[in-house]
Chemist: 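Here you go, one structure.
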There are 2 protein chains.
Amino acid sequence: MSSESISSVFVIKNALLASKLSKRVGNHLSAHGISLAEYLVMHYLDNSPQKAVPRIELAEHIGMSASGITRLISPMEKNKIVEKVVNPRDARQSLVKLSKTGQRLYGEASTSFEYITNELVGNLSLSQQEKIVALYAKVI
Amino acid sequence: MSSESISSVFVIKNALLASKLSKRVGNHLSAHGISLAEYLVMHYLDNSPQKAVPRIELAEHIGMSASGITRLISPMEKNKIVEKVVNPRDARQSLVKLSKTGQRLYGEASTSFEYITNELVGNLSLSQQEKIVALYAKVI
DNA sequence: GATATTTACTTGTATACGCAAGTATATATC
DNA sequence: GATATATACTTGCGTATACAAGTAAATATC
């Protein structure tokens, strides 16, 4: 019975927890017609200082491939949730920006998001949550 | 600039971290010809007391659908990594069990897994990792 | 003990990605 | 300033997974 390292357990439990949380959260977000990935995009756009970001930056931030971002953003553009902004300095880029509609949708969705995440992790105290978040920043 | 709840941040950072970790770990496991999902199955089977578990139990544990498990296990059976065990008490179930080959493969893969996870989360002390894992158990 | 319901699993189909290759533009090198 | 290389993105294709529906076996109800 070879003993298992803490790091292994950490990574496994982290993966299992994230899987559970993202499923639950995804179910709630679907009431707003969006996926968790779409929410993460909106969240990033809303919190980004310049409000219009290159797709590649989105991809890196939310851990998706560039092609994944293309296909994720494409229907969001059709639905007028985000809009394309050209970068005069670099014609290769097409920047992504939350539209007015997108801002409204994000506002509604984030209210749900706050509520459900609080339900899900409410068994942890705020300081416990804060500590974990702080420690996450040190990983990798 | 509405302030964001810690629970939201927790869930988002957790998802992003898990995504990063599972990609890195997956890359390393691919050297053994297996995916992270397959590793999780082997890990669960190896740690399960009775060594032969119903598919539904696997599904619940690793957070996949029953059909997902069917399609995940199927090639593992073909490759003789796991074997089917009938349950005399319940003919609906087909239990899954690590084969000798599977045990050997898991032994090799887990060595890599321990190594890479230690690299990835090595910036956290063991007690920090332990604390987080303990807190994970309280969520949901 | 027959019938209805539930459970464990499989299969068809749809979706959400990733990777590889392609295109256009920018940057570096000479 | 021409050519090579790198970057940002898109598209074709393959894979992993979920959901819905189907099947077979177990359990509950009468």
Side-chain angles (χ1 to χ4, degrees), chain A residues 15-16 18-30 33-41 50 52-79 82-97, chain B residues 15-16 18-30 33-42 50 52-79 81-97:
Chain A
L16 297 180
S19 164
K20 268 192 201 171
L21 290 177
S22 61
K23 264 162 203 140
R24 303 267 192 124
V25 168
N27 284 342
H28 279 255
L29 288 177
S30 70
I34 60 174
S35 67
L36 176 55
E38 288 171 321
Y39 184 81
L40 291 177
V41 165
Q50 68 280 18
V53 308
R55 281 145 198 263
I56 204 80
E57 184 180 330
L58 276 176
E60 271 153 25
H61 181 76
I62 75 176
M64 281 180 62
S65 66
S67 67
I69 291 292
T70 294
R71 289 189 237 260
L72 181 61
I73 296 298
S74 169
M76 296 177 78
E77 280 177 356
K78 283 208 190 74
N79 296 331
V82 298
E83 47 200 31
K84 206 172 281 195
V85 176
V86 296
N87 181 350
R89 305 299 192 90
D90 191 337
R92 291 169 306 177
Q93 293 187 342
S94 66
L95 307 175
V96 185
K97 189 190 165 195
Chain B
L16 296 180
S19 164
K20 269 192 200 173
L21 290 177
S22 61
K23 262 160 204 145
R24 304 266 193 124
V25 167
N27 285 341
H28 280 255
L29 288 176
S30 70
I34 59 174
S35 67
L36 176 56
E38 287 170 321
Y39 184 80
L40 291 177
V41 166
M42 291 194 282
Q50 69 280 17
V53 308
R55 282 146 196 264
I56 205 81
E57 185 180 328
L58 276 176
E60 272 152 24
H61 179 76
I62 73 176
M64 282 180 63
S65 65
S67 67
I69 290 292
T70 294
R71 289 190 236 260
L72 180 62
I73 295 297
S74 169
M76 296 177 78
E77 280 177 356
K78 283 206 192 77
N79 297 331
I81 294 167
V82 298
E83 48 198 33
K84 207 173 280 195
V85 176
V86 297
N87 181 351
R89 305 299 192 88
D90 190 337
R92 291 169 306 176
Q93 293 187 339
S94 65
L95 307 176
V96 184
K97 190 190 164 196

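Excluded from the calculations below are hydrogen atoms, water molecules and symmetry mates; all remaining heavy atoms, backbone and side chain alike, are included.
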Chemist: Counting only side-chain nitrogens and oxygens, does Arg89(B) get under 4.0 Å of the OP1 or OP2 atom of dA26(D)?
Modeler: no
Chemist: Quick one: the side chain of Arg71(B) and the base of dT17(D), do they pair up donor-acceptor inside 3.5 Å?
Modeler: no
Chemist: Need one value for Ser94(B): base, sugar-phosphate or nothing, where a base atom within 4.0 Å counts as base even if backbone is also close, heavy atoms only.
Modeler: sugar-phosphate
Chemist: Taking CE from Met76(A) and C1' from dA16(C), how many angstroms apart are they, rounded to a whole number?
Modeler: 15 Å
Chemist: How many whole angstroms separate atom CG of Leu72(A) from atom P of dT15(C)?
Modeler: 15 Å
Chemist: Roughly how many Å is it from CG in Leu40(B) to P in dT17(D), rounded to a whole number?
Modeler: 10 Å
Chemist: Hey, what do you get for NZ (Lys20(A)) to NZ (Lys23(A)), rounding to the nearest 0.5 Å?
Modeler: 10.5 Å
Chemist: Whole-Å distance between dG18(C) P and Leu36(B) CG?
Modeler: 15 Å
Chemist: Under 3.5 Å, is there a donor-acceptor pair between the side chain of Glu38(A) and the main chain of Ser35(A)?
Modeler: yes
Chemist: Counting heavy atoms from C-beta on, name the nucleotide in dC9(C), dT6(C), dC9(D) closest to the side chain of Arg92(B).
Modeler: dT6(C)
Chemist: Which whole-number value in Å describes the distance from Ile73(A) CD1 to dT11(D) P?
Modeler: 14 Å
Chemist: In whole angstrom, what separates Ile56(B)'s CD1 from dA8(C)'s P?
Modeler: 6 Å
Chemist: Hey, could you give me the CD1/CE distance between Ile34(B) and Met76(B), rounded to the nearest 0.5 Å?
Modeler: 7.0 Å
Chemist: Given atom CD of Glu38(B) and atom P of dT15(D), what is their separation to the nearest angstrom?
Modeler: 13 Å
Chemist: Verify side chain to side chain contact (heavy atoms under 4.5 Å, CB included) between Leu72(B) and Leu58(B), making sure each step is shown before the conclusion.
Modeler: CA-CA 11 Å; Leu72(B) 180 62; Leu58(B) 276 176; over 6 Å; no
Chemist: Specify the residue among Ala37(A) and Asn87(A) whose closest nucleotide of DNA chain C lies further upstream toward the 5′ end.
Modeler: Ala37(A)
Chemist: Mind listing the residues from residues 58-69 of chain B sitting with a heavy atom below 4.0 Å of DNA chain C? Number order is fine.
Modeler: Ala66(B), Ser67(B)
Chemist: What is the separation between atom CG on Asp90(B) and atom P on dA25(D), rounded to the nearest whole Å?
Modeler: 10 Å
Chemist: Of Leu95(A) and Ala91(B), whose nearest nucleotide on DNA chain D comes first from the 5' end?
Modeler: Leu95(A)
Chemist: Look up atom OG in Ser65(A) and atom CD1 in Ile56(A), then write down how far apart they are to the nearest 0.5 Å.
Modeler: 9.0 Å
Chemist: So, do Met64(B) and Arg55(B) sit near enough that their side-chain heavy atoms are less than 4.5 Å apart?
Modeler: no
Chemist: Should Leu16(A) and His61(B) be marked as a side chain to side chain contact (heavy atoms under 4.5 Å, CB included) after you check the CA-CA gap, both sets of side-chain angles, and the distance that decides it?
Modeler: CA-CA 8 Å; Leu16(A) 297 180; His61(B) 179 76; 3.8 Å; yes
Chemist: If you only use heavy atoms from C-beta on, which nucleotide in dT10(D), dA8(C), dG18(C) is closest to the side chain of Lys23(B)?
Modeler: dG18(C)
